[in-house]
Amino acid sequence: MHSLADFPITEKWPASHPERLQLYSLATPNGVKVSIMLEETGLPYEAHRITLDQDGVLSPPFLSLNPNNKIPAIIDPTGPNGKPLALFESGAILLYLAEKTGQFLPADPALRHETIQWLMLQMGGVGPMFGQLGFFHRFAGKEYEDKRPLQRYVTEAKRLLAVLEQRLTGRDWIMGEQYTIADIAIFPWVRILSGYYEAAELLGTDNYPQVQRALGRFVERPAVIKGLATP
C-alpha cells in the first residue's frame, strides 16, 4: 500500500494531515483555480506555499512531482482504487476533482464536453495570452523599446474578452445557469487583468459589461474568497 511518504516532495513539505489532499501552489491565477475548486467542493485539503524560485518549483523535491516546474500540483491520498494519485496541470486537476466529487461538471455527455471545451479555451488561449500581456505590460517586458509584442497580446486579449462577452450575453455563467469548472478556470485570469496586471485602461475592460458582471458574481462567492487567499 502506497503512502504520502513514498513521494519525495513530502520530505521538504511534510504533511501535517496526510489523510487530506495535499495542494502545492501559490496565489497565481493558475494556482487559485485549484484552491477555489477545493473550497467549492468541500474536500479536506492541506495547502503548501511553493515559491517560483530555486527553493520552490525548481527544487528537486518539487520537480519529482512536476518535472515541468509549475504550480499547482496535488497528491490525493485517496485516489482511484484507494491509492495516492499525484497530478499537475491545473486543467487536469480541475477535471479530476470534478469527476471525483461529481460537482461542477455536467453529467449530460454533450454539456460535459462543451464545458471541457471552454476549459480548454482557458488553458490554450486565455491563460497564455493574458499571461504574456502581463509580462509585456507589468513586468520585465515593459522595458522593451519594441512595443509590437505588447500590442500583439493587447489585441489578442481584447479578442478573447470579446469571445467571453458574446458567450456570457444572456447567460449567468459560461455554461448558462450552472456554475462549472469553466468559470473556475477562466475568471481568475479575467480578474488579474484589472488587478495585479493593472491593464483595465489598456484593454478597455468596461467595454465588456457581461464579463465584468460575471466576474463580480464570481469574486463574491465565499469559496472564491477563501480560495483566492490560499495558500
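Any value given below was found using the heavy atoms of this structure, including those in side chains, with hydrogens, waters and symmetry copies removed.
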Looking at T10 and A5, what are the two nearest heavy atoms and their distance? OG1-CA, 4.0 Å

Gap between atom CZ of R171 and atom CD of E177 - 0.5 Å precision: 11.5 Å

Derivation of the side chain to side chain contact (heavy atoms under 4.5 Å, CB included) call for N69 and F88: CA-CA 10 Å; N69 62 271; F88 59 87; over 6 Å; no

Crowding at CD, E99 (>12 non-hydrogen neighbours, <6.0 Å): yes

Is there side-chain contact between L23 and L38, with heavy atoms separated by less than 4.5 Å? yes

Which atom names give the shortest non-hydrogen contact between L119 and A185, and what distance separates them? CD1-CB, 3.5 Å

So, do L203 and L133 sit near enough that their side-chain heavy atoms are less than 4.5 Å apart? yes

I'd like to know if the side chain of E46 and the backbone of S16 have a donor-acceptor N/O pair within less than 3.5 Å. yes

Expected output: side-chain Q22 to main-chain R20 donor-acceptor under 3.5 Å: yes

Between E40 and R221, does at least one N-O distance fall below 4.0 Å, as a salt bridge requires? yes

Just by distance, do the side chain of K33 and the backbone of P72 share a donor-acceptor pair under 3.5 Å? no

A quick test of your reading: do over 12 heavy atoms of other residues, nucleotides or ligands sit less than 6.0 Å from CZ of R138? yes

Atom pair CD (E39) and CG (L228), whose distance is rounded to the nearest 0.5 Å: 10.0 Å

Straight-line distance of Q103 CD to T41 OG1, nearest 0.5 Å: 5.5 Å

Is there a side-chain contact between L26 and R49 in this structure, where contact means two heavy atoms from C-beta onward sitting under 4.5 Å apart? yes

Aromatic plane relationship, W173 with F187 - under 30° parallel, 30 to 60° tilted, over 60° perpendicular: perpendicular

Evaluate the criterion side chain to side chain donor-acceptor pair (under 3.5 Å) for residue pair T205 and N207; output intermediate values, then yes/no. CA-CA 5 Å; T205 54; N207 294 324; over 6 Å; no

Could you tell me if the side chain of L97 sits less than 4.5 Å from the side chain of I181, heavy atoms only? no

Considering only heavy atoms from C-beta outward, does the side chain of P84 approach that of F7 to under 4.5 Å? yes

Examine Y24 together with F62 and report whether their ring centres are nearer than 6.0 Å. no

State the CG-CG distance between L193 and L215, to the nearest 0.5 angstrom. 9.0 Å

Look up atom CD in E198 and atom CD1 in I192, then write down how far apart they are to the nearest 0.5 Å. 11.0 Å

Smallest heavy-atom separation, D183 atom then F218 atom, equals O-CE1, 3.9 Å

V32 and V57: same hydrophobic cluster, using ILVMFWY side-chain contacts below 4.5 Å? no

Does E19 CD have over 12 foreign heavy atoms under 6.0 Å away? yes

Hydrogens and angles aside, do T28 and N30 bring a side-chain donor and acceptor to less than 3.5 Å of each other? no

Do S194 side-chain atoms and R191 backbone N/O form a donor-acceptor pair below 3.5 Å? no

Indicate yes or no: at least one non-hydrogen side-chain atom of K12 is less than 4.5 angstrom from one of P60. no

Linking I/L/V/M/F/W/Y whenever their side-chain heavy atoms sit closer than 4.5 Å, directly or via other members, would V211 and Y196 fall into one cluster? yes

Within the side chain of N81, is there an N or O that forms a donor-acceptor pair under 3.5 Å with the backbone of K83? no

Interatomic spacing from CH2 in W118 to CE in M175 - rounded to 0.5 Å: 9.5 Å

Report, as yes or no, whether the 6.0 Å neighbourhood of atom CD on E156 holds more than 12 heavy atoms from other residues, nucleotides or ligands. yes

Would you kindly say whether Q210 and R213 are connected by a side-chain donor-acceptor distance under 3.5 Å? yes

When you look at CD of Q117, are more than 12 heavy atoms from neighbouring residues, nucleotides or ligands closer to it than 6.0 Å? yes

Exercise: do D76 and Y96 side chains pair donor with acceptor under 3.5 Å: yes

One thing to verify: whether E114 and R167 come together as a salt bridge, which I'm taking to mean a side-chain N less than 4.0 angstrom from a carboxylate O. yes

Can you find a pair of side-chain heavy atoms, one from Q178 and one from F104, that are under 4.5 Å apart? no

Might you point out which heavy atoms bring E165 and T169 nearest each other, and give the distance in Å? O-OG1, 2.7 Å

Is the ring pair Y197/F139 parallel, tilted or perpendicular, if the boundaries are 30 and 60 degrees? perpendicular

Side chain to side chain contact (heavy atoms under 4.5 Å, CB included), that's the test. Do L65 and W13 meet it? Break it down for me. CA-CA 12 Å; L65 183 61; W13 291 281; over 6 Å; no

Backbone of T115 reached by a side-chain donor or acceptor of T180 within 3.5 Å: no

For the pair N66 and L87, evaluate side chain to side chain contact (heavy atoms under 4.5 Å, CB included) and give the outcome as yes or no after the intermediate values. CA-CA 8 Å; N66 182 1; L87 281 179; over 6 Å; no

Hphob cluster co-occupancy, I184 + Y45, side-chain heavy atoms under 4.5 angstrom: yes

So with a 6.0 Å cut-off around NZ of K226, is the heavy-atom count from everything else above 12? no

Applying side chain to side chain donor-acceptor pair (under 3.5 Å), run through Q151 and T155 and close with a yes or a no. CA-CA 6 Å; Q151 189 54 53; T155 300; 3.2 Å; yes

Could you walk me through whether I75 and L85 satisfy the side chain to side chain contact (heavy atoms under 4.5 Å, CB included) test, starting with their C-alpha distance in whole Å, then the side-chain angles of each, then the deciding distance to 0.1 Å, before giving a yes or no? CA-CA 5 Å; I75 302 174; L85 176 68; over 6 Å; no

Linking I/L/V/M/F/W/Y whenever their side-chain heavy atoms sit closer than 4.5 Å, directly or via other members, would L94 and M120 fall into one cluster? yes

Closest non-hydrogen contact found for L58 with L63 is O-CD1, 3.5 Å

Do Y208 and K158 have side-chain heavy atoms sitting under 4.5 Å apart? yes

Could E220 and R217 be called an ion pair, given the rule that one side-chain N must be under 4.0 Å from one carboxylate O? no

Verify same cluster id: L43, Y179 (apolar side-chain graph, 4.5 Å): yes

If you count every heavy atom of other residues, nucleotides or ligands that lies below 6.0 Å from K70 atom NZ, does the total exceed 12? no

Taking every heavy atom of P61 against every heavy atom of P8, the minimum-distance pair comes out as CB-O, 4.1 Å

